[in-house]
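Accompanying notes for the structure given below.
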Amino acid sequence: MLFHSSIRKELGRSFGATLVVLATVVMTIMLIRVLGQASRGSVNPSDVLMVMGYTVLSQLSTILALSLFVSIVGTLSRMYRDSEMAIWLSAGRGLGSFITPLLRFSWPILAVIAVLALLVWPWANTQIQDMKDRYERRGDIDRVAPGQFQESARGNRVFFIDKDTPDSQSASNVFITASERGREVVTSARSGRLETIKDDRFVVLSDGQRLESTVGQPGLKISEFKEYGTRIGTAALSGQDETPVKSRSTLQLLREPTLVHQAELAWRIGLAFAGFNFVVMALAVSTVNPRAGRSGNLVFALFAFIVYYNFLNLGQSWIMSGRIGAAPYLLLLHGGVLAACGLILAKRHHQWSVRRMIGGRSRVAA
């Protein structure tokens, strides 16, 4: 029991520290990315923190898998470097006996990775997509910030208001320029207000002037008005026409087994399988090379994770294009990695070598 408990305690400390560092790095990257989207008008500036939180939550399965892999590699490397592994091996503990404590420590994390990949990933993407759609489909007046020129949703209008009224449905010093059907219209008014008639939204301008010109033709039509109304959109947001595949639930992917759905489902299931393979891979390849330095194994762990993750994305594109089936690819990639890591682990556990095998056959022949 001392053998199991000592390994699990050190793995717990290493995993916690690695998770905090990786989560902080990912949160910083996501915050910069979401701020860039907000500056381009894709995300509501007031929803930046919520979008960042949902984005980090959707990537948490990948963060957990990488943290587990790095923590196991770092712990075993430290044991090799401090000769602690030599003590356990000389006490009769083979390399294969480390599988049990590693799996005892890892199975709750692997279960969380599976839940995050199959359930939380589509839910978080749905929340992000809903906030983006709601912001993109808001009315033109809702886009306007006081003292700033703002383009409409279709790009055919530019608004400017000098809003100094306490009412959110009214504004003063309104300026609108529109381009429709070869006509350029510039409208200015002393004040304006929003009105909803049935399902349509209108902006009603008061005490203003309207300048209209036709592109390519001389002349300018000027008119003054006491009150003028123009339609700016609908009162209610329309539903989303098509849900992105990454926002669809796992149950829906199973019910509609198209190529796109199979590719997304294979990616989600593959991420859960990859977490288990990382545990076996870490045990199989962890060692210490004095010439490579202390960070050699960690560099290898990051490189192996990047290659494995890229193969997951590559397989998703292959399945989507019909070049390979979902089940054969899952078996080929994850089964092949597991078999290769198991072979390496067995070789190190039994201390197999080509020279020893050739020498044994020579003695038998003699």
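Quick caveat: nothing in here was measured; it's all calculated off a predicted structure. Throughout, residue positions are numbered sequentially from 1 according to the sequence presented.
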Side chain proximity check, S213 to K221, heavy atoms < 4.5 angstrom: no
Is there a side-chain contact between F276 and L103, using heavy atoms and a 4.5 Å cut-off? yes
Can E184 and S179 be counted as having a side-chain donor-acceptor contact under 3.5 angstrom? yes
Spell out, yes or no, whether V185 and L211 are grouped together once hydrophobic residues are joined by side-chain heavy atoms under 4.5 Å, including indirect joins. no
To the nearest 0.5 angstrom, please state how far the CH2 atom of W267 sits from the CG atom of L314. 14.5 Å
Please check if I324 and L333 belong to a single hydrophobic cluster, counting links between Ile, Leu, Val, Met, Phe, Trp and Tyr side chain heavy atoms closer than 4.5 Å. yes
Going by side chain to side chain donor-acceptor pair (under 3.5 Å), name the residues that satisfy it together with Q316, two or more places apart in sequence or in a different chain. E264
With the side chain counted from C-beta on, respond yes when L66 and L302 share a heavy-atom pair under 4.5 Å apart, and no when they do not. yes
Does I32 share a hydrophobic cluster with L57, counting links as ILVMFWY side-chain heavy atoms below 4.5 Å and allowing steps through other members? no
Quick one: which of I176, I222, T177, L220 gives a side chain to side chain contact (heavy atoms under 4.5 Å, CB included) with V186? T177
Give a yes or no on whether L102 and I99 share a hydrophobic cluster (residues Ile, Leu, Val, Met, Phe, Trp, Tyr; joining criterion: side-chain heavy atoms under 4.5 Å apart). yes
Close side-chain approach of N310 to I306, heavy-atom, < 4.5 Å: yes
Heavy atoms of other groups near F273 CZ, more than 12 under 6.0 Å: no
Is S14 reaching over with its side chain to a backbone N or O of L11, donor-acceptor style, under 3.5 angstrom? no
Can you confirm whether or not the ring centre of Y308 sits under 6.0 Å from the ring centre of H334? yes
Assess whether side chain to side chain contact (heavy atoms under 4.5 Å, CB included) is satisfied between I319 and V260, documenting all intermediate values. CA-CA 8 Å; I319 296 172; V260 177; over 6 Å; no
Are more than 12 heavy atoms from other residues, nucleotides or ligands located less than 6.0 Å from atom OH of Y309? yes
About how many Å separate CZ of F305 and CE of M281, when rounded to the nearest 0.5 Å? 10.5 Å
Can you hop from L332 to F311 via hydrophobic side chains spaced under 4.5 Å? no
N/O donor-acceptor pair under 3.5 Å between S71 side chain and L68 backbone: yes
Just to verify, what does E227 make a salt bridge (charged side-chain N to carboxylate O under 4.0 Å, His left out) with, not counting sequence neighbours? R193
Which heavy-atom pair separates L19 from S67 by the least distance, and what is that distance? CA-OG, 3.5 Å
Is there a side chain to side chain contact (heavy atoms under 4.5 Å, CB included) between E256 and R248 once you walk through the steps? CA-CA 11 Å; E256 303 175 5; R248 300 186 180 183; 4.2 Å; yes
Least distance between heavy atoms, F69 atom then A304 atom: CE2-CB, 4.1 Å
Step by step, work out the side chain to side chain contact (heavy atoms under 4.5 Å, CB included) result for L31 and V48. CA-CA 8 Å; L31 178 60; V48 167; 4.1 Å; yes
Worked check of side chain to side chain contact (heavy atoms under 4.5 Å, CB included) between I72 and L76: CA-CA 6 Å; I72 295 177; L76 295 180; 3.9 Å; yes
Flag if over 12 foreign heavy atoms under 6.0 Å of CE, M27: no
Check whether any side-chain heavy atom of M50 sits under 4.5 Å from a side-chain heavy atom of Q127, and report yes or no. no
Gap between atom CG of L118 and atom CG of L253 - 0.5 Å precision: 10.0 Å
Between atom CG of D47 and atom CD1 of I128, what is the distance when rounded to the nearest 0.5 Å? 11.5 Å
Looking at every non-hydrogen atom in both residues, tell me the closest pair between N125 and K246 and how far apart they are. ND2-O, 3.2 Å
Closest non-hydrogen atom pair between Q209 and F225, with its separation: N-CE2, 3.5 Å
Side chains of P122 and S247: does their closest heavy-atom pair fall under 4.5 Å? no
Measure from the side-chain N and O atoms of S58 to the backbone N and O of T55, and report whether any donor-acceptor pair falls under 3.5 Å. yes
Check for a donor-acceptor pair, side chain of N277 on one end and backbone N or O of V337 on the other, with a separation under 3.5 Å. no
Residues pairing under ring-ring contact (aromatic ring centres under 6.0 Å, His included) where one sits in residues 42-62, two or more places apart or in two chains, turn out to be Y54-W123
Rounded to the nearest 0.5 Å, how far apart are OG1 of T258 and CG of L265? 10.5 Å
May I ask you to say whether E10 pairs ionically with R78, meaning some side-chain N is under 4.0 Å from a carboxylate O? yes
Closest non-hydrogen atom pair, L64 against F15: CD2-CZ, 3.8 Å
Between R268 and T250, is there a side-chain donor-acceptor contact under 3.5 Å, judged purely by atom types and distance? yes
Looking at S61 and L116, would you say the former's side chain and the latter's main chain have a donor-acceptor pair under 3.5 Å? no
The single option from I113, V25, L22 passing side chain to side chain contact (heavy atoms under 4.5 Å, CB included) against I63: L22
Minimal heavy-atom distance between A117 and W121, with the atoms involved, is O-CB, 3.5 Å
